[in-house]
Amino acid sequence: MSNPDDFLKNLPPLRDVIAAYELRAKKALGQNFLLDLNITDKIARQAGDLSGKSVFEIGPGPGGLTRSLIGSNAAKIIAVEFDPRAVAALQPLTNNKGGERVEIVHGDALRVNLLDLAEGPRAIVANLPYNIATPLLTSWLKQMRERPGAFDSMTLMFQKEVAERITAVPGSKDYGRLSIISQWICDCRVCFDLPPSAFSPPPKVSSSVVHFTPKRLDKDAPDFRSVERVTAAAFGQRRKMIRGSLKDYADVIAALGLDPTLRAENLSVQDFINLAKGR
Ligand code: SAM
């Protein structure tokens, strides 16, 4: 295989790709592109050692982050993109020597099961479309719960507010369902923030890259739905004491010795897991 660095050096600038394929950003598709390859390289580096791994990129757009992943030591790069204009713009990444590790899948990431697309160790690295970032994350966390080893890591760009919810601690205003489900399944770390000006066009909000590494779950860990159910009930009425919001769990609350006058935001991630398990 030829050196991926030579291959990458000969690609046209991303702005030229956008012009040639008329890839004007569509708001409905959450299109805010990263055109600075120093930034996309920095995201790819946060994923750590990708050797031997199949790396999924969701929403490659004009392909800046895809180029950085080609420059990494990933065994394979599988990029899932919904917009046919971007799919066309990405073809040169697969046609040339050095790009032979790259596969572009035209599809809706909400409907594609990544586990069907590659065996072996897998990672996800993506600047996600923000309008569907939370359902995508939830579906991958669910797969991690149901199939241990599904993904070795996820390195994902979110709007900053979502990253804050993912990593929030009990007692904080951002602590909620997403914090509990994310921190139950993974160690979650904010790697760095990016201002709106880093993107073209700039979104209204700042963004953050979060790195997720799966935790080893207990053998008797509850199923995903049970944890979703108890967190939905508790945070659906987050101002209420748990004796009100979690009436159906009264016996479990008592058995666990939890104070029924606490509110959802005062319970730890482990408390929620214990509640789900006890049901
Ligand atoms: N990765 C590129 C970058 O950093 O410049 C583009 C990121 S942009 C925030 C989100 C991308 O996700 C767009 O290319 C958009 O077309 C794509 N997208 C939106 N909805 C999608 C879906 N349901 N499935 C797959 N890709 C989608």
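Both counts, for ligands and for their atoms, begin at 1 and track the order of listing. By convention here, the first residue in the shown sequence is residue 1.
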Quick one: sort the Trp184 and Phe224 rings into parallel, tilted or perpendicular, breaks at 30° and 60°.
-> parallel

Which is it for Ala126 and ligand 1 at heavy atoms under 4.0 Å: side chain, backbone, both or neither?
-> neither

Using a strict cut-off of less than 4.0 Å between a Lys/Arg side-chain nitrogen and an Asp/Glu carboxylate oxygen, indicate whether Arg122 and Asp152 qualify as a salt bridge.
-> no

Is a salt bridge present between Glu228 and Arg177, judged by a nitrogen-to-oxygen distance below 4.0 Å?
-> no

Glu81 side chain to Asp83 backbone, donor-acceptor under 3.5 Å = yes

State whether the shortest distance between N or O atoms of Asp83 and N or O atoms of ligand 1 falls below 3.5 angstrom.
-> no

Part of Asn127 within contact of ligand 1 (heavy atoms, under 4.0 Å) = both

At the 4.0 Å heavy-atom cut-off, does Gly63 count as touching ligand 1?
-> no

For atom 8 (S) of ligand 1, which of Ala86, Gly30, Gly61 has the closest heavy atom?
-> Gly30

Numbered in order shown, the ligand 1 atoms found under 4.0 Å of a heavy atom of Ala109 are 22 (C), 23 (N), 24 (N), 25 (C)

Non-hydrogen atom of Leu128 closer than 4.0 Å to ligand 1 | yes

Between Thr66 and Glu57, is any side-chain donor less than 3.5 angstrom from a side-chain acceptor?
-> yes

Atoms of ligand 1 under 4.0 Å from any heavy atom of Gly107, numbered from 1 in the order shown, are 24 (N), 25 (C)

Is there a donor in the side chain of Thr261 and an acceptor in the side chain of Asp259, or the other way round, less than 3.5 Å apart?
-> yes

Near Asp108 (heavy-atom distance under 4.0 Å), the atoms of ligand 1 are 22 (C), 23 (N), 24 (N)

Interfacing atoms of ligand 1 (cut-off 4.0 Å, heavy-atom, Asn32) = 7 (C), 8 (S), 9 (C)

For the pair Arg85 and Glu22, find out whether any cationic side-chain nitrogen is under 4.0 Å from an anionic carboxylate oxygen.
-> no

Which one holds for Ile132 and ligand 1: side chain close, backbone close, both close, or neither close, with close meaning a heavy atom under 4.0 Å?
-> side chain

Going by atom types only, do Asp41 and Ser68 share a side-chain donor-acceptor pair under 3.5 Å?
-> yes

Are any of the side-chain nitrogens in Asp223 or Arg145 under 4.0 Å away from the carboxylate oxygens of its partner?
-> no

Within 4.0 Å of some non-hydrogen atom of Leu34, the atoms of ligand 1 are 3 (C), 4 (O), 5 (O)

Nearest neighbour of atom 26 (N) of ligand 1 from the list Phe33, Tyr130, Phe82, on a heavy-atom basis | Phe82

Short list, please: which atoms of ligand 1 are under 4.0 Å from a heavy atom of Val80?
-> 25 (C), 26 (N)

Counting only heavy atoms, which portion of Glu57 has something under 4.0 Å from ligand 1: side chain, backbone, both, or neither?
-> side chain

Taking the six-membered ring where the residue is Trp, are the ring centres of Phe272 and Phe235 under 6.0 Å apart?
-> yes

Is there any N or O on Leu65 that sits under 3.5 Å from an N or O of ligand 1?
-> no

